[in-house]
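Report on the following structure.
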2 protein chains.
Amino acid sequence: MPDAAPAPEFLVRPDPADAKLTRRVAGIDQDGKPVETAVVEERPLTLFLNGQEIVTMMTIGDYPQYLAVGYLLNQNMLKADDAVTAIDYDEELQVVVVRTGRTTNFEEKLKKKTRTSGCAQGTVFGDLMEKFDEIRLPKDAPLKTSWLYALTKKINTIPSLYLEAGAIHGCVLCEEDRPLVYMEDVGRHNAVDKIAGYMHLKGLGPENKSFYTTGRLTSEMVIKTVQMRIPILISRSGFTAWGVELAKKADLTLIGRARGKRFVALAGEHRIVFDADTRYAADEPKHARRKASRADEAE
Amino acid sequence: MPDAAPAPEFLVRPDPADAKLTRRVAGIDQDGKPVETAVVEERPLTLFLNGQEIVTMMTIGDYPQYLAVGYLLNQNMLKADDAVTAIDYDEELQVVVVRTGRTTNFEEKLKKKTRTSGCAQGTVFGDLMEKFDEIRLPKDAPLKTSWLYALTKKINTIPSLYLEAGAIHGCVLCEEDRPLVYMEDVGRHNAVDKIAGYMHLKGLGPENKSFYTTGRLTSEMVIKTVQMRIPILISRSGFTAWGVELAKKADLTLIGRARGKRFVALAGEHRIVFDADTRYAADEPKHARRKASRADEAE
């Protein structure tokens, strides 16, 4: 949709007021005094594709349809041009069923996967890498540092389950300085998959987008971002060596340890436009801090 | 070994000087200036049990033997009384093979698992829960708050890959105020599994032990701790609702958000002995902070 008006900020965002997502639990604190605290829910969700059981995921349980479709896309079990004919979610049974036009091919593929690896994890990862090498990310997709600072500030200050209860990961699909889709989940890969599912089902393309995650920049995270055709990946956490290597290979712009005015870019640096004067950019306020490591602070 | 002398502190601990575990990578910072930073390595390791491929794990690559045995133990593919006859590790092929006395049973079990679920993850999880219900943790295993404060201080200040490069999880097997085995890995479940493997191969029992993790207190983390027969689980991170529920069910002492003098206990509170005067206990120094959330700070 290149000619459409810019999408509004936070089309989707966490709903900390949703009583299904957190629970109040009684306990004691360091002085032995009774305390009551909010903790996030974590539920099994079993995914079927056309009658075949694929996986059971642990999730907070919002947006099971997006999670299901995004998981299948990011595992290459569903192609971008596949027609999703139905998504049936049964809250009581904790089951979601995705139905597609083409049926037989996927089932054959799944059988093969299961037989060769003993666990879908291993083989699926091999498949991901195969596709990875073919993807070309757009060169002309700038990231202005002023956008980056605006994004992290907006993401850190909007109400979220993280601010309410902690122990949760967040991912945000962004365009320029605007966070568009903010998903949270107990598993960070679920948060990514929910965004991939949303993009597929709503027809929201990867053009001019960047991707923000609270999680670490591991190989899996880099592979998923490249598969989603998003050229910029930003995290407040750190890097792994293979994540950096894959990002360089795919020419993905990889920005880590993004906190306040600070960040480090270890791949695809050419997309960064330094338009913000960091002498006047603010440090991250203490209340917005999520993670900090001595290594990061020392740099 | 109830009559043996207490085990010394840090029998195993991270080796940030090991050149195989981190890599120096060049990039740029927020001012566009060149920087060089340390990032942790992340390698695939494929695990075989008696000739059958089980799973491919992403790991930093230290202690592949402990990781392999611990993974199999925590997935109930290896029983506590199974004799491990050989562990062959091929660094070049990135393969580890565990051989046991009894062969056929495991292979039958694995076949069944693969067939019923399409991904070992799902079914294995079911098996874990089955065993979980039978385990009785010892009631008389106190945790003094003075031990807790001493433990977290020692763990946060000893040199580690975390302090060197960030983006890594740590787990520590402890006894009273002494950290015994400190493992780190890119995957927090790998760190747990490496400790389980070490305990099994070295004959280190769970008696009088507590378990510290930098990761969140999710259901999987609680299940693994209970399976290891360790009655106390401590984390600097937060809780999930199902993690708390399972901890209550197993009577596991569950302590979260343990930073400086602060903590919250949401299960098994009866084991905690409040012998430290928190008025004089120190807050966590800024340089030792790993994670903080606004929710946690607000409590």
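Throughout, protein chains are lettered first and strands after them, A, B, ... in sequence-line order, and every chain is numbered starting at 1.
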Structural part of [X] lying under 4.5 Å from a heavy atom of chain B:
{"X": "A/Ala26", "answer": "backbone"}
{"X": "A/Phe263", "answer": "both"}
{"X": "A/Lys248", "answer": "side chain"}

**Prompt:** Under a 4.5 Å heavy-atom cutoff, which of B/Ile28, B/Thr22, B/Ile255, B/Asp29 has the most pairs with chain A?
**Reply:** B/Ile28
Please report the interatomic distance [atom1]([X]) to [atom2]([Y]), rounded to the nearest 0.5 Å.
{"X": "A/Glu42", "Y": "B/Thr218", "atom1": "CD", "atom2": "OG1", "value": "5.5 Å"}
{"X": "A/Thr37", "Y": "B/Arg257", "atom1": "OG1", "atom2": "CZ", "value": "3.5 Å"}
{"X": "B/Thr240", "Y": "A/Arg43", "atom1": "OG1", "atom2": "CZ", "value": "11.0 Å"}
{"X": "B/Phe274", "Y": "A/Gln30", "atom1": "CZ", "atom2": "CD", "value": "8.5 Å"}

**Request:** Quick one: which of A/Ile272, A/Ile60, A/Val40 has the most heavy-atom pairs under 4.5 Å with chain B, could you say?
**Result:** A/Val40
**Contact class of B/Val35 relative to chain A, heavy atoms under 4.5 angstrom** = side chain
**Fill in**
Taking every heavy atom of B/Ala167 against every heavy atom of A/Gly238, the minimum-distance pair comes out as CB-C, 3.7 Å
**Minimum heavy-atom distance between A/Gly27 and B/Glu269, given as atom pair plus value** = CA-OE2, 3.7 Å
**Message:** Between B/Glu245 and A/Arg23, does any NZ, NE, NH1 or NH2 come within less than 4.0 Å of an OD or OE carboxylate oxygen?
**Reply:** yes
